[in-house]
Amino acid sequence: MTVTAVNVLISLGVAALAVAVWKAIVMVIQIATSPLRNIPGPPNSNWVYGNLKEIFATENSVLHEGWVAKYGNTIKYKGWLSRNRLFTVDTRALNYILSHSNEYQKPALARYNLGEVLGEGLLIVEGEQHRQQRRIMNPAFGPAQIRELTEIFVEKAQKLCLFWRNEISKSGEPARIDVLNGLSKMTLDVIGLAGFNYEFDSLNIDGKPNELNQAFSVMFRSLEGFAIVFPLLKALIPPLRLIPDGRSRRIAKARKVMRRMGMELITKKKAEILRAAAGEKEKDNLQSRDLLTLLIKANLATDLPESHRLSDEDVLAQVPTFLVAGHETTSNATAWCLYALTQAPEVQQKLREELWSIPTENPSMDELNELPYLEAVVRETMRVHAPVPSTIRVAMTDDVIPLDTPFVDVHGQVQDSIRVKKGDPIFIPILVINRSKALWGEDAFEFKPERWESVPDAVQHIPGVWANQMSFLGGPRACIGYRFSLIEMKALIFALVRAFEFELAVPPEEIMKKSTAVQRPLVRSEMDKGCQLPLLIKPYHTV
Ligand code: HEM
């Protein structure tokens, strides 16, 4: 090693140490002075992990629900390095936090981790950059655009039916099939085509994974590996980011492939759009309907002020953003729907009868939306099995959060609002609110599509962009893709429940939920196989 390299390493080490000491001091001051310390909550379990280890070990937010029962609606618990975290189920407070998205942003740590993989896409940018991106992207996700994409959803749902029929023909009926695998392939194919007119073709029975598919697999896996110590240290202590490790090398390689192909797509689309604008007629095929084309078109609009335009870099960052945000969320949601239907055979049959009541295999968006029981089943699945069970925010300034229900602090004083200090983390309890007995009634934990015939008044106060629930969140950072995913799910359930009968292939107590960012199914006695949902599937024969 040369003297220069040694010097560089020493400087890096000193810088890293200085940042680590500085961060530690800031954190100790934060813990000692944050008003959150006066809020009641469970005892700390571990100095390093706080209460996080027990949270990760619990399914379905049961631990959080127990805390609410014991300590009340507004509590604090401990996060990394025993830092206080606010947790409230007060709907007025949650509404306030979500609607003040500038004052309550995503934590820098989560943004760094996601940003390393995705670039500056809509999921991670904040402030003016977010408003600018969202303004350009909103129209591409509107009802009229989703109507156009329904054909892709239906076609790919039918392809999944073929894929499973092929497996049944090989192993006999009923066949044991991991439905998560096929659903994940289907939603990847859909987001490829509907997102940017790219054919992953992962549902092709003989197909090999293509180059972009492989690059994305690396990216998805690296997002899951966040708990590994060195990447975590790198996220916390910026000078360490200069030291490459296996994960960052893999990500850099995958990003290179994605960048090259993404830029090719963008350049091609820009040229198509400009040619069309110059009067050369483009064929009206699916190419012009995908989200990326719509986004580029909106971005090239002549009446758009220059300051509102996105750079090519920003447009490029939306490609992996759509994939990460829209692929596994929808496939897991649909897997949980099939699981719920296996546990309620009468609901499965009633749904199947409704789906067979319309005389077409290729329903339009409006036809799908006109099926009331399908709507109720989708709502109930999203409520009970919210694929994203929680998220997190950080207070960007000192603030006072209004409350519906006052709480009693650790000094016995009644408080009718929550004081927070800049830097305080806040847990956003999506699943806890979706399953709250106080809001939904005593049967809140049960899967009952019929409840949607008349919901309690209390749920009107839940701050959600859709169906009185928080599954797609609410406020300016609510999921931009919720209409997309709901019609995709409906198209899937329509095709699958008409074509097959589903039963769980293992006893129900074997199925557990693994919660990383997305809640996925696992089989307790087959953890080595990773996430899966094995169902027994046989073709449904109409009489
Ligand atoms: C069942 C399926 C889905 C669920 C449960 C879901 C849920 C969510 C949630 C909870 C958020 C907020 C995350 C946070 O701020 O912490 C979000 C944001 C987002 N979702 Fe979805 N999503 C789904 C499908 C989709 C699809 C299909 C797309 C795109 C095609 C998509 C694109 C996005 C984007 C871009 C954001 C960031 C929005 C912003 O910050 O302005 N999602 N989603």
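In listed order, ligands and their atoms are each counted from 1.
By the 3.5 Å distance cut-off applied to N or O atoms, Arg134 is counted among the residues near ligand 1. Inclusion of His130 in the set of residues having an N or O under 3.5 Å from an N or O of ligand 1 is warranted.
Of all the heavy atoms of Phe141, the ones lying under 4.0 Å from any atom of ligand 1 belong exclusively to the side chain. Counting heavy atoms under 4.0 Å from ligand 1, residue Ala386 does not touch it at all. Under 4.0 angstrom from ligand 1, there are no non-hydrogen atoms of Met489. Residue Pro387 touches ligand 1 through its side chain alone, judged by heavy-atom distances below 4.0 Å. Under 4.0 Å from ligand 1, not a single heavy atom of Ile392 appears.
Between Arg259 and Glu313, at least one side-chain nitrogen of the basic residue sits less than 4.0 Å from a carboxylate oxygen of the acidic one, meeting the salt-bridge criterion. We find that Lys269 and Glu272 are not joined by a salt bridge, their nearest charged nitrogen and carboxylate oxygen being 4.0 Å or further apart. Note on Glu488 versus Lys156: no salt bridge recorded, every NZ/NE/NH1/NH2 to OD/OE distance being 4.0 Å or above. Under 4.0 Å is where a charged nitrogen must lie from a carboxylate oxygen, and between Lys159 and Asp189 no such pair does. Between Glu367 and Lys490 there is no salt bridge, since no side-chain nitrogen of the basic residue lies less than 4.0 Å from a carboxylate oxygen of the acidic one.
Atoms of ligand 1 found under 4.0 Å from any heavy atom of Phe484 (numbered from 1 in listed order, with element): 27 (C). Contact atoms of ligand 1 toward Lys106: 14 (C), 15 (O), 16 (O) (distance under 4.0 Å to a heavy atom of the residue). Numbered from 1 in the order shown, with element, the atoms of ligand 1 that lie under 4.0 Å from a heavy atom of Leu473 read 12 (C), 14 (C), 15 (O). Close approach of ligand 1 to Thr391 (heavy-atom distance below 4.0 Å) involves ligand atoms 14 (C), 16 (O). Within the listing of ligand 1, atoms 30 (C) sit less than 4.0 angstrom from a heavy atom of Ile191. Of all the atoms in ligand 1, the ones that sit under 4.0 Å from a non-hydrogen atom of Ser471 are 5 (C), 7 (C), 10 (C). Set against the non-hydrogen atoms of Ser485, the atoms of ligand 1 under 4.0 Å away are 1 (C), 2 (C), 24 (C), 27 (C).
Ring geometry for Trp67 against His64 counts as perpendicular: the plane angle is over 60°, on a 0 to 90° scale with 30° as the lower cut.
At the shortest separation from atom 4 (C) of ligand 1 among protein heavy atoms lies Phe472 CE2, 3.5 Å. For atom 34 (C) of ligand 1, the closest non-hydrogen atom on the protein side is Ile480 CG2, 3.8 Å. Scanning the protein for heavy atoms near atom 37 (C) of ligand 1, the closest one is Leu123 CD2, 3.6 Å. Of the protein's heavy atoms, Cys479 SG, 2.3 Å lies nearest to atom 21 (Fe) of ligand 1. In this structure, atom 32 (C) of ligand 1 lies nearest to the protein heavy atom Ala325 CB, 3.4 Å. Distance from atom 23 (C) of ligand 1 to its nearest protein heavy atom, with residue and atom name: Thr329 OG1, 3.6 Å. Nearest protein neighbour of atom 26 (C) of ligand 1, counting heavy atoms only, is Gly326 CA, 3.3 Å.
Distances from atom 14 (C) of ligand 1 to the heavy atoms of Arg393, Arg477, Met382 put Arg393 nearest.
Distance check, rounded to the nearest 0.5 Å: CG of Leu355 to OH of Tyr373 gives 11.0 Å. Summarising the geometry, atom SG belonging to Cys531 is positioned 11.0 Å from atom CD belonging to Gln519; distances are rounded to the nearest 0.5 Å. A distance of 14.5 Å separates CD1 of Ile136 from NZ of Lys297, quoted to the nearest 0.5 Å.
The side-chain tip of Arg383 does not point at the ring of Trp452 from less than 6.0 angstrom away and within 45° of straight on. A cation-pi arrangement is present between Lys513 and Trp336, with the terminal nitrogen or guanidinium carbon under 6.0 Å from the aromatic centre and inside a 45° cone about the axis. A cation-pi arrangement is absent between Lys185 and Phe163 under the rule of less than 6.0 angstrom and at most 45 degrees off the ring axis.
Between Phe141 and Tyr482, the ring centre distance reaches or exceeds 6.0 Å.
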